[in-house]
Amino acid sequence: MPTKKVVILDRDGVINADSDAFIKSPDEWVALPGSLEAIARLSQAGYRVAVATNQSGIGRGLFDMNALNAMHLKMHRMAAAVGGRIDAVFFCPHTADDHCECRKPKPGMLQMIIERFDVDPEHTPTVGDSLRDLQAGAALGCPIHLVLTGKGRKTLAAGGLPEGTRVHDDLRAFVLDFLADAQE
Ligand SMILES: [Mg+2]
Ligand SMILES: [Zn+2]
């Protein structure tokens, strides 16, 4: 029986460099060192990789769907070029004022991913650089992992992380730890 295995990743600050001015175009979308190779390791180990990303820049009118699609096409192509595969990208286009159910820390996007792939949350790790990524995962009972790229160091310094949060230098370090644990 095939094992369905999924890892949920935040995008900005985990896969690509984050910016307080938002990532608004494919040119501004720059992969963090080793992140795409880390995704490739997950793909090759049989994991599906799903991205869940707040993109309120759409709701704020800073960029449009064409730009977001172009960024994600670049992400998919660059991952594929190193042997990785991003199986799904879920995004929330809303601002906090919209009070939607998908914007993290709400768990709506993660819930959709878990339903789409029909997996157990307790076996579906969630990786992020912000508290709200961890809160969304914790709300569903996902194992939660903080990376220290992007806003990660600030997030760690601010404290108040959900119980059980594990901390890694970056996505590469997470993947190496995670795959080593999975083999035990
Ligand atoms: Mg982030
Ligand atoms: Zn939303």
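Both ligands and their constituent atoms are indexed starting at 1 by order of listing.
Legend: ring pair (Phe, Tyr, Trp, His ring centres under 6.0 Å) pairs involving residues 152-184, not counting sequence neighbours, sorted by first then second residue: Tyr47-Phe178, His145-His168, His145-Phe174, His168-Phe174, Phe174-Phe178.
In Asp12, the N, O or S atom that comes nearest to the Mg ion (ligand 1) is O. Within Asp10, the N/O/S atom positioned nearest the Mg ion (ligand 1) carries the name OD2. Nearest to the Zn ion (ligand 2), among the N, O or S atoms that His94 has, is ND1.
Residue Asp129 counts as close to the Mg ion (ligand 1), with an N, O or S atom under 2.8 Å. In summary, no N, O or S atom of Asp133 is located under 2.8 Å from the Mg ion (ligand 1).
Judged purely by distance below 3.5 Å, without hydrogens or angles, the side chains of Glu28 and Asn16 never pair a donor atom with an acceptor atom.
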Distance-only criterion, 3.5 Å: show the donor-acceptor pairs between side-chain atoms of residues 123-132 and protein atoms not counting sequence neighbours.
from	atom 1	to	atom 2	distance (Å)
Thr124	OG1	Asp120	O	2.7
Asp129	OD2	Lys151	N	2.7

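The angle Cys102:SG - the Zn ion (ligand 2) - Cys92:SG amounts to 120°, with values rounded to 10 degrees.
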Apply the test salt bridge (charged side-chain N to carboxylate O under 4.0 Å, His left out) to residues Arg166 and Asp181: give CA-CA distance (whole Å), side-chain angles for both, the deciding distance (0.1 Å), then the verdict.
-> CA-CA 13 Å; Arg166 293 181 64 177; Asp181 285 354; 3.1 Å; yes
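Within 6.0 Å of CZ on Arg48 lie no more than 12 heavy atoms contributed by other residues, nucleotides or ligands.
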